[in-house]
Structures are given as C-alpha cells and as structure tokens.
Number of protein chains: 2
Amino acid sequence: MKHVTIKDVAKKLNCSVSTISRAFNDKYDIRKETRDLILATAKEMEYSPNPIAKSLLKQCSNQIGVVVPEFINPFFPEVIIGIQEVFFKKGYQVLIMQSNESFDNEMENVKAMENNMVDGLILSLSFETQNVEYYENLIKQGFPIVLFNRVSNKLNTHKVVFDDYKWAFFATEHLIYQGYKNIIHFTTSHSLSFSQNRIKGFINAHKKHKLKIDEGSIIEAGLLISDGEREMEKLIALHKLPDAIFCVNDMCAIGAMKMLKKYGLKIPGDVALVGFTETKLAELVDPALTSVAQPTTEIGRTAALLLLEQIESKGLFVPQTVTLNGRLNVRESSVKAK
Amino acid sequence: MKHVTIKDVAKKLNCSVSTISRAFNDKYDIRKETRDLILATAKEMEYSPNPIAKSLLKQCSNQIGVVVPEFINPFFPEVIIGIQEVFFKKGYQVLIMQSNESFDNEMENVKAMENNMVDGLILSLSFETQNVEYYENLIKQGFPIVLFNRVSNKLNTHKVVFDDYKWAFFATEHLIYQGYKNIIHFTTSHSLSFSQNRIKGFINAHKKHKLKIDEGSIIEAGLLISDGEREMEKLIALHKLPDAIFCVNDMCAIGAMKMLKKYGLKIPGDVALVGFTETKLAELVDPALTSVAQPTTEIGRTAALLLLEQIESKGLFVPQTVTLNGRLNVRESSVKAK
DNA sequence: AACGTTTCCGAAAACGTTTCCGAAAAAATA
DNA sequence: TATTTTTTCGGAAACGTTTTCGGAAACGTT
C-alpha cells in the first residue's frame, strides 16, 4: 500500500531529490553515469513518479476527458476505441463519462473533468443540451475542446462531423435508382442538427430527380425501435403504404421491419427499407438492412488528433471542422426484385 | 484558464486559508456566520477545492477504476452503467479503461490507475490473462479490488459472478423438455472458467434425464459470429445435423442461424437454437433467439457496492462471492412446433 | 478580580513532484 | 598559475489543499 517516493530513492543513493528528478526527466545537467545508476536503483526499488504530484505542480494532468451521451448503442464505444488508440500512444490517459442524455449530468461530468485538470475534452452533446454558454466560456478561456457527432454551431472550436446531408441524399437517391416512386422519411426530433441535414438530403434528392414530395412524406418518428414500430403500424392501419422508407437510423428501420413482418408484408417487395448510422444489427436482421456506415473508430482517432494538436499549439489554432466520409452498404432490404 | 484557489478567497476575506478549509469541510471549530460568509463569497468567486491537491494530501483520489476487456458488445457498457450509478451518488468518479482482451494492456491500465491513486478497482480479466501474480500482491497489500464476470479463483477478494452452471443446465433442460434428443453444445476456449461451467451444466442436464452424450456433442466453436458460422457449416457438410444446439453465447448462435438459413434449413424445425448472455440482438433476429439473460446493470451495481464496502471497511472484510440470478427468455428459435 | 473553559482562528507542516538559483568542482583558456 | 567557463549537483520554493498545534479572546465560575 505504501508507495515508494522520490525521497526514498534519494536517501538510498545519498543524493538530492532534484537529481533524481533530473534523471527521470532526462535533463541535460546530469552526468550519464549518475542518471543510469539512479534509473537502475529506482527500477529495483519499484519507484515511479507520482502523477498526482506532477499534475499539481504542472497544472495539467496528462489526462483527457471524454463525455458521451450514452454507450448502449455501439456507436460511442467504437468512437472511444479510436480516441484511446491515439492517446494511449502519447502517454495520455482517457477518462470516460456518460451523460445519459441528460444536460445536468453532462454539466456535472464536464465540471468533474475540469476539476481533475484534464488537459482537454472530447465532447458529444446530450439530447437535452441547448444551453452551451458554459462551453463557450471554457473555449473563450482557451480550454481545448473538440466536439463530435452531436455538435453545436454556437461553439467555435474543432469539430468532427459526418456529412449527414450528403449521405441522406445518396441513400434516398439509391432508392430512387431502384425505381421506387413513393418514398417517405422517418425522422426524429427536428432540434437535432443531424436530423435537419438528413431531411434536407432526402428532399434535395427528390428535387434532383424531379419527384415531388407531399407533406405527409416526412414523419417525425424517433431513434428507437419502438418509434419505428409505432409509425409503421399507423401507416399500415391507414392503408398508406409507401414503396420505400428512408429511416433516420437502424433502430427505427428495424422497428418498421418488425411491424411489416408482423402484418405479413414483404421487404423489399411491399416496402423497401434503408437505415442510417449502421450498427452490427444491419447485417444480422432478416432481410439484411441497407444502411449508411459511419467510420466510427476513425471519428475517434480524428477527434483525438485534433485535440492533441490544440493542446500542443497552446491556444494558437484555427478551429476546424473535419467532415468524414461514409459508405452506403446496399443489402437485401432495398434492392428491387427484377 | 486560471483557477481561483483557496488563497484567493482567503485574501479577499482577510482570513487564513485554514479557515476557508474549515468552512468547506464542515469542521466544528468555526463560527456559523464565518462559514456562511466564506461559502457565499467562495461561490461568488467560483472557487471550488482542487481535488488534485486533496488527493496528494489525503493519498487517495475519490476515483475508482474500471478495467474491462472490451466494450464492443453491449455487455460491459451495461455493467458500467450500474457501476457509475452507485459511485456517482457517493461522489466518486469512475475511470474506465479497456484492455482490448490483451494481458499487456490490462497491466498497463491497472498500473496507470494505481499511479493515479484510485481508491479501488473493478476488474474483469482479459482473455489472455493467466498470470494474476500482480493482482495477488495488490490484494495482499490491502488494495481494494472487486472482480466480476471474468474472475480467477486464485484471487481471494470480492467477486460478482453468474451461475453459469445452473443456467446452462436450465437452458439444456429446456431443450430436452421440448423433446429434442440429439442436442449439441457449441462452446469456446476451455481456459475460460465460464465455459467450463456451461459445459458441466450441459452434461449434467443430460445425465439427469438419462440422455447420453457422445464425444462429438461438445464442439469448441468460439464467441464470435464467424465461429458459429464455421462450425455450423462443417456440420451441414458432414450431414451431422443435431436436433438442437446450445450455444455459448448469442453471437455464436446467430452465426449458426445465418448458416442454417443460407442452406435453407428451418429454425427450429430442422435445428433449434439457444444462446447465452443475452444481448439486444436476441429479440431482433428472425426467428427471435431463446437465450439466458444476465442482469448486467445489477452486476455493476453489486460490484460497486462491494467495492464501496471494502474501501470503507479499511481492510477488515471477508471476501465474498455474490452469484446473481439470470433468466431464460424462451423465444421462437427453440420452441418445438406441435 | 482571578482563574479555568470553551470557542474560534492563524501558522506551519505535510503530501510528492519540478525547476530556478546558486555553488562547488572540474575543465578550459589566458 | 590565475582566471574564466562548463559541468554537475544541492537547496529551496512552489503547486493547493488539510490538519495539528497553539494561542487569543470571550465566557463562566468562584
């Protein structure tokens, strides 16, 4: 339990603590032999410098904080793997917390991180977060923050995002190319920026191909399986079946799928489906779901690299928004039978 | 960026730092009015005590560390939610790291946590971990550690486990009750304690019902979808189809399911399937998969409470192994048609 | 008025580092 | 040899807290 400290090593070697410190920090003003001797005996004594003391003195911790809204879905864990990969190599530790989609929790987490003197923060905003004043202040004070996925355009800092517009456009166009005419979109709360962008992509793909959309074509469903089920069931009850549905995410699409199956409707024969933000589920459900894959781990790596750059540049940096590419994985659920 | 410290508050109020400290730590030897005044102005100045300095002095950090093998599968994230729930309330912070199923990473992580003066550790051993000497020492020195899920019986400390034997027995018995006679088991590496226990359950259920097992009945597949696919395809090629398969986990079962479908075989008509360690996937695949659910979040909560107890008891505790209950969720994949 | 108690607060040490400053010893230069 | 420069190291301050110790003031008791 008792840790061996720098003083113990100094006493053992009959020298001052500053010399030990010099040996460990590879300073120029120490003789090679002294350094080697110190390092050897320190190793033998199982001494390692106490990072807490170092943090206190240096006013930074070699830790970076990550706050995500949840990690039940595989998306955020995969991003975190990318983040850790980068920081692990650089000798940073990664502190992870989840806000559980609550603004209050998010603030608590961020403040805890701050108190812990993390050197920077990687953040994905919760569902509830509207008020970003606190982050604005942090950024203004020069605190390094990188946002990803759930960002706010009020915040002027590095961001890693996905081109939701473009890929929603492609996904919709894919359905159009397959020959579907009557396509609808299950979206989620309009307050989320990504849902606005996906809607825009959906609409513009229609415009490009001179297909018209009526007001019933965009339905606010939600992100959960139950949301997809509910809205699908409504449509079935109303006998207003579309040819195809572009869903805001895989969960929603899978909900729709379950309901279609329940009523004996064929996919894609009666209704074709496309998801978004692909998860493992996409290729496991039957029929396999066409979906847009995001480069999750890559997102993490990119965010980490941007944060590192920001930390090392000591305030002098130009906020940058990196948009990563995705991929439309076409599977059975959307391919029209000949 | 510049943090306001206890000294700033003291200067502002023309009193000593010790008085400020007393106010914040609710000491008895301070006048109520002084305390209130201090707390008020501190709040106004946005002062909050620096936890790093506190850690250095107190030789503990109010942080606890969690090291898990992975968090791609939803299992560990769900456990972590339970852990965080408990510690958040107690004012602890939870540091999470993942070993990526590597022994070396695991050691690195644990040492980083230790250096960071975490007050305790919740640990699930990696696949590779055989040598637990380091942990033995830590425990011997009185360092609080709770193991869960992937435990080692060489380590004498609190553990939270699942009764793999019992639930493997029940799962197998369920298949027997359904009338399947020729049942096989897809298992994984025998080095993992849980796989041994599940095998034992599988065998004993057969013994109880006086069904015999031949040596080909237990097949070392693995934990991944690809493992299930591979072994299933082998069986199909050899025309050695069983009535039913009890799989070591859902992923493996889903792999088998995919292969069966590919060859046009009916589930459960031709081959029935049962999984284990239920994930969301179980009810989403078609047909829905019968599986044994573990109380993931409950596991986390329990581990957290045990660790808290151990931390607070300052060394005086009796290592305890808590076995949590599960639940067999019967779904289409195993129910024999009449 | 003299004494003992209690209440409240300040000074200083401690936690384990790093770094600045200065000094001694060694080496280089005159 | 005398002086300057370089090399190598020790002392001490600093980071922001908590806590022990002691002391001053206020109060109560004879």
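Basis for what follows: all heavy atoms, side chains included, without hydrogens, waters or symmetry-related copies. All figures in this text were calculated on a predicted structure; none of them were measured in a lab. Here is the naming used below: chain letters follow the sequence lines, and residue numbers restart at 1 for every chain.
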Self-check item: For E85(B), all residues meeting salt bridge (Lys or Arg N to Asp or Glu O under 4.0 Å), sequence neighbours excluded
Solution: R301(B)
Quiz item: Looking at the side chain of K27(B), which of dT19(D), dA11(C), dT18(C) is the nearest nucleotide?
Solution: dT19(D)
Practice problem: Test for a donor-acceptor pair under 3.5 Å between the base of dC8(C) and the side chain of D29(B), counting only N and O atoms. | Solution: no
Exercise. To the nearest 0.5 angstrom, please state how far the NZ atom of K54(A) sits from the CG atom of L56(B).
Key: 13.0 Å
Practice problem: Let me know the distance between CZ of R31(A) and C1' of dT8(D), rounded to the nearest Å. | Solution: 7 Å
Quiz item: Roughly how far, to the nearest 0.5 Å, is the CG atom of N100(B) from the CD atom of E106(B)?
Solution: 11.5 Å
Quiz item: Contact class for T34(A) (heavy atom, under 4.0 Å): base, sugar-phosphate, or nothing?
Solution: sugar-phosphate
Exercise. Taking only the side-chain nitrogens and oxygens of K7(B), find out if one of them lies under 4.0 Å from OP1 or OP2 of dC15(D).
Key: yes
Practice problem: With the side chain of L57(A) defined as its heavy atoms from C-beta on, choose the nearest nucleotide among dA12(D), dG16(D), dA14(D). | Solution: dA14(D)
Quiz item: Given atom NZ of K11(B) and atom C1' of dG10(C), what is their separation to the nearest angstrom?
Solution: 16 Å
Exercise. Please check the phosphate of dT17(D) (OP1 and OP2 only) for any side-chain N or O of Y47(B) closer than 4.0 Å.
Key: yes
Quiz prompt | A53(B) or R35(B), whichever maps to the more 5' nucleotide of DNA chain C | solution = R35(B)
Self-check item: Earlier contact from the 5' end, DNA chain C, for T19(A) and L56(A)
Solution: L56(A)
Quiz item: dT20(D) P sits how many Å from N25(B) CG, rounded?
Solution: 12 Å
Quiz item: Under a 4.5 Å cut-off applied to non-hydrogen side-chain atoms, are H158(B) and L147(B) in contact?
Solution: no
Exercise. Starting at atom CD1 of I30(B), determine the distance to atom P of dT7(C), rounded to an integer number of angstrom.
Key: 15 Å
Quiz item: Pick one: which of D26(B), T19(B), I20(B) meets side chain to side chain contact (heavy atoms under 4.5 Å, CB included) with R22(B)?
Solution: T19(B)
Quiz prompt | Residue V17(B), side-chain atoms from C-beta onward, closest of dA11(C), dG16(C), dT18(D) | solution = dT18(D)
Quiz item: With a non-hydrogen cut-off below 4.0 angstrom, is F24(B) in contact with a base, only sugar-phosphate, or nothing?
Solution: nothing
Quiz item: What's the CZ-P distance between R22(A) and dT17(C), to the nearest Å?
Solution: 15 Å
Quiz prompt | Pair S21(A)-S18(A), side-chain donor/acceptor within less than 3.5 Å | solution = no
Quiz item: Counting any heavy atom closer than 4.0 Å, what does S18(A) reach on the DNA or RNA strands: base, sugar-phosphate only, or nothing?
Solution: base
Self-check item: Distance (rounded to the nearest 0.5 Å) between D8(B) CG and E46(B) CD
Solution: 12.5 Å
Quiz item: How is N50(B) classified with respect to the nucleic acid when contacts are heavy atoms under 4.0 Å: base, sugar-phosphate, or nothing?
Solution: sugar-phosphate
Quiz item: Of the nucleotides dT18(D), dT17(C), dT8(D), which one has an atom closest to the side chain of K58(B)?
Solution: dT18(D)
Quiz item: S21(B) side chain N/O closer than 4.0 Å to the phosphate oxygens (OP1, OP2) of dT18(D)?
Solution: yes
Self-check item: Where DNA chain C forms stems, i.e. three or more consecutive Watson-Crick or G-U pairs with both distances under 3.5 Å
Solution: C:1-30 with D:1-30
Practice problem: Identify which nucleotide among dT18(D), dG16(C), dC9(D) has an atom closest to any side-chain atom of Q59(B), counting heavy atoms from C-beta outward. | Solution: dG16(C)
Self-check item: Integer-rounded Å distance: dC9(C) C1' and N14(B) CG
Solution: 13 Å
Practice problem: In whole angstrom, give the distance that lies between atom CD1 of I52(A) and atom P of dC15(C). | Solution: 15 Å
Practice problem: Write down the distance between CD1 (I6(B)) and P (dC15(D)), rounded to a whole number of angstrom. | Solution: 14 Å
Quiz item: With a cut-off of under 6.0 Å to the ring centre and 45° to the axis, is K154(B) in cation-pi contact with Y135(B)?
Solution: no
